[in-house]
Structures are given as C-alpha cells and as structure tokens.
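Data first, discussion second: the structure below is written as structure tokens.
Just so it is clear, the values below take in all heavy atoms, side chains as well, and ignore hydrogens, waters and symmetry mates.
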Amino acid sequence: TAGAITNNKGEMKIEVTNRCLHGRCRFCSPLFRPTVREAEPKEFLEQLDLHLDHYLGNGGRRILLTGGGEPIDAPEKLFGALELIKRKKVGVGVELELLTVFTNGVNILNKVALNASETYLDVLLRLGVRDINLSMHGGTMEERTHISGKYMGRIDVDQLIPEMVNRGVRVMTRSVLAEGGIDSDDLVAALEEVIR
C-alpha cells in the first residue's frame with residue numbers, strides 16, 4: 001500500500017503514493033496496481049517518523065522515495081518526508097550514502113505552485129536529494145508517447161537530464177523492457193546521445 005515503509009538489505013524504501021496524474025504507461029495498468037487506501041499526509045509522516053528513528057539508529061544510510069505512483073504528485077507527503085529525513089539526520093548526526101527519488105520527470109522542472117519561485121527540482125535539491133531515478137520508456141518522444149502517454153512523451157530528456165546533472169544531481173534512468181516497447185539496444189543508444 002502507498003505509505004508502506006520497508007527496509008531491505010540496508011535500504012529503506014518509502015512508498016510515497018500510488019497516484020500518478022500524468023503517466024499512462026502501457027505496462028502499468030490498474031490490474032497491476034490496484035486501488036488501495038492511501039495514508040493521508042499526517043498519518044504517513046507519523047509512521048515515517050517512527051520508522052526513521054529505528055532505521056537511522058540501527059545504521060541505515062540509504063533511503064529511496066518511490067511508490068506505485070509518482071512521488072511528485074503527492075508533494076505534501078514527499079516534501080514532508082524529505083524535511084523529516086533532513087531533521088532526523090541532523091538529530092542523529094549522520095550523513096546518508098543515498099537519498100533518491102524515483103520520478104517520471106513530468107513536473108520536475110515546473111514551479112511547485114502558481115506564484116512560487118522554486119521548481120520541484122529546486123525543492124528536492126534544497127531538501128538534500130542528490131540522486132534521481134528517472135523513468136525513461138523510449139528513446140524518442142514518439143516512443144515515449146506510445147509507451148507512456150502524451151505527458152511523458154513530451155519530456156525533453158535532452159534538456160531535462162543535462163539540467164539535473166548541471167545542478168549536481170546524479171541521474172539514473174530506468175525502463176521496463178517489454179514486448180512492443182523499448183528494447184535494451186534502443187535505450188542504450190538514446191542515453192549515449194543524451195550524455196554527449
């Protein structure tokens with residue numbers, strides 16, 4: 001369920017949300033991601049508070065913010081979690097080896113609110129995120145649109161990835177290899193083109 005917190009092999013995986021407002025990935029249907037009750041922000045952050053104390057107190061240093069949906073589509077929970085993590089790190093006096101957010105990238109360069117000066121990327125950086133796992137299902141805009149829908153198809157990875165890298169973010173891409181979708185050779189070629 002969204003809001004679930006697991007600790008596997010020294011990593012704390014925080015499932016922020018099941019909501020995904022813009023992704024229409026062909027491989028991610030309601031059959032694979034059923035509707036579940038999702039913790040409200042207050043409940044989510046209270047549970048995370050307890051788990052963080054235990055995790056950090058027992059030597060945990062790798063935190064992944066992910067979910068069955070898009071974490072940026074639940075900003076109150078995502079930013080609340082990152083603020084809590086930042087506060088807990090200072091309280092325990094530790095640095096993390098990894099603090100990463102999994103995202104489809106649709107809104108990451110958008111302003112967090114209509115009159116805001118900060119983008120989602122600005123806030124993530126301010127709250128300590130230095131690693132982003134970016135969904136990239138297709139080597140071209142046409143392929144991404146075919147596989148993941150029009151919003152994800154519009155992402156200009158030639159702009160997005162260099163923008164994040166120039167801001168000090170380590171970017172990892174992830175893709176689902178599926179029949180009728182992207183294949184590994186296409187993905188490697190597309191990524192090589194972006195990083196040139």
Side-chain angles (χ1 to χ4, degrees), residues 2-7 11-23 25 38-42 44-45 47-49 51-52 55-56 60-92 94-137 144 148 151-152 154-175 191 194-195:
I5 300 163
T6 58
N7 180 357
E11 294 180 343
M12 177 183 244
K13 180 180 176 187
I14 303 167
E15 295 186 9
V16 177
T17 186
N18 280 321
R19 289 184 214 119
C20 187
L21 300 177
H22 300 295
C25 301
E38 190 163 313
E40 294 300 319
K42 183 176 187 284
F44 170 78
L45 293 170
Q47 288 298 312
L48 179 57
D49 191 349
H51 288 282
L52 274 172
Y55 178 71
L56 294 173
R61 300 295 181 262
R62 299 173 62 82
I63 299 177
L64 296 77
L65 292 123
T66 182
E70 169 56 39
I72 287 175
D73 289 346
E76 189 176 355
K77 290 166 75 174
L78 175 62
F79 296 154
L82 288 168
E83 287 170 357
L84 184 59
I85 291 164
K86 187 176 182 179
R87 201 168 51 248
K88 293 285 184 179
K89 282 186 344 175
V90 171
V92 176
V94 299
E95 286 300 322
L96 296 177
E97 295 170 16
L98 178 69
L99 176 59
T100 188
V101 173
F102 286 67
T103 179
N104 62 24
V106 170
N107 286 320
I108 200 161
L109 296 181
N110 292 345
K111 304 286 185 190
V112 294
L114 191 58
N115 296 321
S117 60
E118 288 185 305
T119 66
Y120 286 94
L121 180 59
D122 293 331
V123 177
L124 293 176
L125 289 168
R126 179 169 51 78
L127 294 175
V129 174
R130 293 296 177 266
D131 294 273
I132 291 182
N133 280 269
L134 179 67
S135 296
M136 192 171 137
H137 308 297
R144 287 190 294 278
S148 300
Y151 291 101
M152 288 179 68
R154 285 190 215 148
I155 297 170
D156 183 354
V157 294
D158 293 333
Q159 178 211 356
L160 178 60
I161 293 175
E163 171 75 17
M164 290 192 291
V165 170
N166 289 338
R167 302 276 310 270
V169 175
R170 290 187 305 183
V171 180
M172 294 175 54
T173 60
R174 59 190 164 87
S175 181
L191 290 174
V194 167
I195 58 176

So, do L160 and L109 sit near enough that their side-chain heavy atoms are less than 4.5 Å apart? yes
Once rounded to the nearest 0.5 Å, what's the spacing between atom CG of L65 and atom CE of M12? 9.5 Å
With R170 via side chain to side chain contact (heavy atoms under 4.5 Å, CB included) - residues at least two apart: L98, D131
Please tell me if the side chains of E38 and T17 come closer than 4.5 Å, counting only heavy atoms from C-beta onward. yes
Backbone N/O of R62 and side chain of Y55: donor-acceptor pair under 3.5 Å: yes
Separation between CG (D122) and CD1 (I108), nearest 0.5 Å, reads 10.0 Å
Give the table of side-chain donor-acceptor pairs shorter than 3.5 Å for residues 78-88, with sequence neighbours excluded, one pair per line with atom names and distance.
unit_1: K86; atom_1: NZ; unit_2: R126; atom_2: O; d: 3.2
unit_1: K88; atom_1: NZ; unit_2: D49; atom_2: OD1; d: 2.5
unit_1: K88; atom_1: NZ; unit_2: D53; atom_2: OD1; d: 2.7
unit_1: K88; atom_1: NZ; unit_2: D53; atom_2: OD2; d: 3.1

So do the side chains of F102 and L134 get within less than 4.5 Å of each other, counting heavy atoms only? no
Mind checking the NZ-NZ spacing from K42 to K77? Nearest 0.5 Å is all I need. 14.0 Å
Decide yes or no for R61 and L56: does some side-chain heavy atom of the first lie under 4.5 Å from some side-chain heavy atom of the second? yes
Working for side chain to side chain contact (heavy atoms under 4.5 Å, CB included), residues V123 and V129: CA-CA 9 Å; V123 177; V129 174; over 6 Å; no
Any non-hydrogen side-chain atom of V101 less than 4.5 Å from a side-chain atom of N133? no
For C20 and G69, work out which heavy atoms get closest and say how close. CB-CA, 4.1 Å
Regarding T103 and E70, do their side chains bring together a donor and an acceptor under 3.5 Å, going by distance alone? yes
Hey, what do you get for CG (L124) to CE (M164), rounding to the nearest 0.5 Å? 10.0 Å
Does K111 NZ have over 12 foreign heavy atoms under 6.0 Å away? yes
Output for pair (N107 CG, L121 CG), nearest 0.5 Å, gives 12.5 Å
Going by atom types alone, do E15 and T66 pair a side-chain donor with an acceptor below 3.5 Å? no
Hey, could you give me the OG1/CD1 distance between T173 and I132, rounded to the nearest 0.5 Å? 13.0 Å
Is a side-chain donor or acceptor of R130 paired with a backbone partner of G168 at a separation under 3.5 angstrom? no
Is E118 atom CD crowded by more than 12 heavy atoms from other residues, nucleotides or ligands, each under 6.0 Å away? yes
Consider only side-chain N and O atoms of S135 and N104, and report whether a donor and an acceptor are under 3.5 Å apart. no
